[in-house]
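Here the structure comes first, spelled out in structure tokens, and everything after it is commentary.
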Protein chains: 2
Amino acid sequence: MTARCMVDVDDEKLERGARCIKMLAHPLRLKILMVIGTGEVPVSGILEAIGTSQSNVSQHLGQMRDKGILIARRDANQVFYRVREPKVFELLALVRELFCEPGGAGR
Amino acid sequence: MTARCMVDVDDEKLERGARCIKMLAHPLRLKILMVIGTGEVPVSGILEAIGTSQSNVSQHLGQMRDKGILIARRDANQVFYRVREPKVFELLALVRELFCEPGGAGR
DNA sequence: ACTTATAATAAGAATATTCTTATATTCAAA
DNA sequence: TTTGAATATAAGAATATTCTTATTATAAGT
């Protein structure tokens, strides 16, 4: 009677879940999500806020876009990104509670 | 006024968060968490439920133990594992909603 | 047509993760 | 005090991720 949370999840779904979680499992991608927040931010704005190369940011954005975490909208020669599903932030808040608070898990 | 969720998180915390999320970002580790669930399960039980080698399971358990996600208790010559913080399951449920439901994100 | 600004992609070296094989540890029972 | 059962660790090949450098695409303005 254990494993009630995701019970009966077949291996394919496990793979999919893991692949998606992996998108959040990188400090720059977390930072990008934080910078975008609930708004819509042009790549230039993200670049400003994050300390790495244009190419690197673009590739991280691309990954999250491809996985459906971010949505891109082009306006003239700027591209604006937003977080598709605000529940991502609940997830990040939980991560923070779990792993960043005193008494939490993270090592 | 964006980035309200984890704003003011310094780079070290981002690294830590990412490292912890990474612990959830693997299909076998997800499966192990599901198998353990809210109970306390001996390694032998986990082994039975999961389709890979003893060594591989042990190494995944070790990772999650080291990161403080699992707690191990030895009783005679068995080792029992449990999930330290049940909130992990809220997190997994959110992941499921976000990435495994129709209309969700996961690709 | 050029040029410039903005963003994406390609290629590949550097690095990290995963899994396999072999070996070691721990404890109980004989 | 050996043996066996249960689990952990070491070493390294196989694989995947990350980031850098160079190039390409896209759209606006000149």
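Proteins get letters first, then strands, A, B, ... in listed order; numbering begins at 1 in each.
Distance CG (B:Leu47) to C1' (D:dA5): 13 Å, rounded to an integer number of Å. At whole-Å resolution of the value, CG in A:Leu24 and P in D:dT18 are 12 Å apart. Here the C1' atom of nucleotide D:dT7 and the CZ atom of B:Arg73 are 15 Å apart, to the nearest Å. Distance CG (A:Leu61) to C1' (C:dA8): 10 Å, rounded to an integer number of Å. Between the CD atom of A:Glu15 and the P atom of C:dT17 there is a distance of 18 Å, given to the nearest Å. Between the NZ atom of A:Lys22 and the P atom of C:dA16 there is a distance of 16 Å, given to the nearest Å. Atom pair A:Glu48:CD and C:dA5:C1' shows a separation of 15 Å (rounding to whole Å applied). One atom, CD1 of B:Ile32, and another, C1' of C:dT18, lie 13 Å apart when rounded to the nearest Å.
Put simply, the side chain of A:Ile32 reaches to within 4.5 Å of the side chain of A:Met64, judged on heavy atoms. The shortest side-chain heavy-atom distance between B:Thr52 and B:His60 does not fall under the 4.5 Å cut-off. Between B:Leu14 and B:Asp11 the shortest side-chain heavy-atom distance falls below 4.5 Å. Side-chain contact check for B:Ile71 versus B:Val83: every heavy-atom pair is 4.5 Å or farther apart. Annotation: side chain of B:Leu47 is in contact with side chain of B:Gln54 (closest heavy-atom distance under 4.5 Å).
Closest approach of A:Arg82 and A:Gly39 over heavy atoms only: CB-O, 3.5 Å. Taking all atoms of both residues into account, the shortest heavy-atom contact from B:Arg84 to B:Gly68 is NE-O, 3.4 Å.
Taking only side-chain nitrogens and oxygens, B:Arg65 never comes nearer than 4.0 Å to OP1 or OP2 of D:dT7. Note on B:His60: a side-chain N or O is less than 4.0 Å away from OP1 or OP2 of C:dC19.
Counting any heavy atom pair closer than 4.0 Å across all strands shown, B:Ser44 reaches sugar-phosphate atoms only and no base atom. When heavy atoms are screened at a 4.0 angstrom cut-off, B:Tyr81 is found touching the sugar-phosphate backbone but no base atom.
Comparing A:Asn56 and B:Thr52, the nucleotide of DNA chain C nearest to each residue sits closer to the 5' end for A:Asn56. Comparing A:Ser53 and B:Phe80 by the nucleotide of DNA chain D whose heavy atom lies nearest to each, the residue mapping closer to the 5' end is B:Phe80. Positionally, the nearest nucleotide of DNA chain D for B:Ala72 lies more toward the 5' end than for the other of A:Gln63 and B:Ala72.
Linking Ile, Leu, Val, Met, Phe, Trp and Tyr whenever their side-chain heavy atoms come within less than 4.5 Å leaves B:Val43 and B:Phe80 in two separate clusters.
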Interface polar pairs with nucleotides 23-30 of chain D, N/O, under 3.5 angstrom:
none

Please list, pair by pair, any protein nitrogen or oxygen found under 3.5 Å from a nitrogen or oxygen in nucleotides 11-15 of chain C.
none

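Side-chain proximity of A:Arg29 to the nucleotides C:dT9, C:dA7, D:dT18 is greatest for D:dT18.
B:Arg73 and B:Tyr81 share no donor-acceptor pair across their side chains, judged by distance under 3.5 Å alone.
Sorted by first then second residue, the salt bridge (charged side-chain N to carboxylate O under 4.0 Å, His left out) pairs that include residues 43-56 of chain A, not counting sequence neighbours, number zero.
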